[in-house]
Amino acid sequence: MSRRVVRQSKFRHVFGQPVKADQMYEDIRVSKVTWDSSFCAVNPKFVAIIVESGGGGAFIVLPLAKTGRVDKNHPLVTGHTAPVLDIDWCPHNDNVIASASEDTTVMVWQIPDYVPVRNMTEPVVTLEGHSKRVGIIAWHPTARNVLLSAGSDNLVILWNVGTGETLLALEDMHADLIYNVGWNRNGSLLVTTCKDKRVRVIDPRKRQVVAEKARPHDGARPIRAIFMADGKIFTTGFSRMSERQLGLWDLNNFEEPIALQEMDTSNGVLLPFYDPDSSIVYLCGKGDSSIRYFEITDEAPYVHYLSTYSSKEPQRGMGFMPKRGLDVSKCEIARFFKLHERKCEPIVMTVPRKSDLFQDDLYPDTPGPEPALEADEWLAGKDAEPILISLRDGYVPVKNRELKVVKKNILDNKPPPGSRRSQSTGDANLSRPALEEVLEEIRALKETVRAHEKRISDLEDKLCQFTNGTE
């Protein structure tokens, strides 16, 4: 009697491999802030890493191709006045990144395709609404310019980055510090974990908790939760005996887990990274030197252990490349950017295949860079699945698209002045000389700025000539 002992899966032989030394990013002073975020964000154009910085917070942005030793004078993004805690690339514009900081603000930056000469200090927009440090940010997966932020004030705010305004503020939902927030596939629901040991599923537009689970893991250490593509929820946490656990939950029956597995007794919080196309979850613990990966299926035991990538050095943080940034010709199904103390090391996950042809089964159509909705449509209650693209011919990043912020005039919302109109026109006539004086000052300032810009440009040219002459 023949019996199938080994489960059939095309991902059973996935293996991880670090790149060669010359393809790493060396001499980067990775941040030492004690916060459980990944400290690294990656897209098909850039890798961004939170770094140590005196007098405020900073992160460095490097073009993916700029490997090797990073110049110690490489420009940083330095607008925050306190350490940066989280960064996230916009999924609909590869040149736009958001950063959250201990200084209570969220800033959105437009990164140019060329390497700037000086540090970037001016964000496109600064979002102010939290009263304590902001440790979590996440872009909406399908709606343009919608950004979520969560702070130590137990407040979740959704912003319209295009206008710099608050769309929604979710107050009084969390009794304690929020550990993490994640969107579902179409951005209609949020899952949050909190220090009060509860996992909540929230409909942000109705401002209500749709489902809640108390103590999915019994331990006191932080819990993490993410949505699967089919709406299930995957959690990582700790048992009462401080063993690390993973769990899979169904919203329709939130009381009992579909699967609950114990792993090991390490201290680091497990950061889950999910690939919905292959249904693989990668678990990276801060301070660990390994990446474990599991396949999620509809067959028992539902969470299937695949393998572990191990190395000697512990990781300080981890970046995860979106699917459209992978090399399909090499059957690459994931790429991680592992942060060491002084460098960033890309790790490539590959499915071994003999054929050189495009592997349809490994690369189903995947979310592309086009948003499916505008912010106003989403706020009005509309939902849409991500707009998918094929990777058959590889993905070519689009050119730099400028993020335009249109501030709405608050005066437009005020009622018409009515009977006071005659008085205001009288005031306008009286203030004409003063207006002329202000306009004259503005003209003079513009002239000064032009003169300074010319001087700076001349000095930069001289500096380039000087450095070229010394090389």
Side-chain angles (χ1 to χ4, degrees), residues 28-29 31 41 43 45-63 66 70-90 92-130 133-134 137 139 144-147 149 151 157 159-166 375 399-410 441-461 463-464:
I28 297 168
R29 296 191 308 144
S31 175
N43 70 15
K45 279 187 174 184
F46 302 103
V47 53
I49 300 163
I50 302 174
V51 293
E52 284 288 291
S53 135
F59 59 98
I60 190 169
V61 177
L62 300 167
K66 195 173 172 57
V70 176
D71 185 355
K72 68 176 187 297
N73 296 320
H74 191 283
L76 304 175
V77 183
T78 58
H80 289 286
T81 57
V84 176
L85 299 178
D86 199 10
I87 47 177
D88 194 24
W89 287 104
C90 176
H92 307 127
N93 188 335
D94 287 341
N95 292 74
V96 170
I97 188 169
S99 58
S101 167
E102 267 186 31
D103 65 10
T104 75
T105 66
V106 174
M107 292 182 177
V108 181
W109 308 83
Q110 178 99 28
I111 305 297
D113 284 332
Y114 59 88
V115 177
V117 179
R118 290 180 291 277
N119 286 353
M120 291 182 67
T121 56
E122 290 298 319
V124 179
V125 62
T126 301
L127 307 172
E128 296 174 327
H130 289 280
R133 68 180 182 177
V134 188
I137 45 174
W139 291 91
R144 189 196 307 272
N145 290 344
V146 176
L147 178 66
S149 64
I157 300 179
W159 307 88
N160 182 347
V161 173
T163 61
E165 294 177 327
T166 303
K399 291 247 169 67
N400 187 352
R401 291 182 297 186
E402 193 175 347
L403 172 65
K404 290 187 172 67
V405 178
V406 182
K407 292 283 174 74
K408 290 183 182 170
N409 187 349
I410 54 167
E441 274 186 37
I442 289 170
R443 282 190 206 101
L445 283 169
K446 279 184 176 173
E447 285 302 319
T448 310
V449 168
R450 279 197 202 99
H452 280 310
E453 278 181 347
K454 187 175 185 310
R455 184 164 175 268
I456 288 167
S457 177
D458 292 344
L459 287 169
E460 280 179 350
D461 289 344
L463 181 64
C464 283

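Predicted model only: the values in this text are computed from it and were never measured.
Interatomic distance, CZ of Phe46 versus CD1 of Ile60, reported as 12.5 Å (0.5 Å rounding). In this structure, CD in Glu128 is found 10.5 Å from OG1 in Thr166, a value given to the nearest 0.5 Å. For the atom pair Ser101 OG and Ile137 CD1, the distance stands at 10.5 Å (nearest 0.5 Å). With rounding to the nearest 0.5 angstrom, the NE2 atom of His130 is 8.5 Å from the OG1 atom of Thr104. A distance of 13.5 Å separates OG1 of Thr448 from CZ of Arg443, quoted to the nearest 0.5 Å. Once rounded to the nearest 0.5 Å, the distance linking CD of Gln110 with CD of Glu122 reads 14.0 Å.
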Using the side chain to side chain donor-acceptor pair (under 3.5 Å) rule, take Thr105 and Asp103 through it: C-alpha gap first, then chi angles, then the decisive distance, then the call. CA-CA 6 Å; Thr105 66; Asp103 65 10; 2.7 Å; yes
Where do Ile87 and Trp109 land on the side-chain contact (heavy atoms from CB on, under 4.5 Å) test, with the steps shown first? CA-CA 11 Å; Ile87 47 177; Trp109 308 83; over 6 Å; no
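Counting heavy atoms from C-beta outward, Pro112 and Met120 have side chains that approach closer than 4.5 Å. Using a 4.5 Å cut-off on side-chain heavy atoms (C-beta onward), Pro63 and Val115 make contact. Between Val108 and Trp139, the closest side-chain pair of non-hydrogen atoms falls below 4.5 Å. Side-chain contact check for Val77 versus Ile111: some heavy-atom pair is nearer than 4.5 Å. The closest side-chain heavy-atom distance from Leu62 to His74 is below 4.5 Å. Looking at heavy atoms from C-beta onward, Asn43 lies out of side-chain contact with Ile97 at the 4.5 angstrom threshold. Looking only at side-chain heavy atoms (C-beta outward), Val51 and Ser31 stay at 4.5 Å or farther from each other.
Shown here for Glu102 and Ala82, the closest heavy-atom pair between the two residues is CB-CB, 3.7 Å. Listed here is the closest heavy atom pair of Ala98 and Leu147: CB-CD2, 3.8 Å. Residues Phe59 and Ser99 come closest through the heavy atom pair CE2-CB, 3.6 Å. When all heavy atoms of Val146 and Ala375 are compared, the closest pair comes out as CG2-CB, 3.6 Å. Across every non-hydrogen atom of Val61 and Ala48, the tightest pair is CG2-CB, 4.1 Å. Taking both residues in full, the closest heavy atoms of Gly57 and Val84 are given as C-CG2, 3.7 Å, listed atom of the first, atom of the second, then distance.
Using modelled atom types, no side-chain atom of Asn145 and backbone atom of Asn160 make a donor-acceptor pair closer than 3.5 Å.
With Ser149 as reference, Val134 is the one residue of Asp86, Leu127, Val134 to meet the side-chain contact (heavy atoms from CB on, under 4.5 Å) rule.
By the 4.0 Å N-to-carboxylate-O rule, Glu447 lies close enough to Arg450 to be salt-bridged with it.
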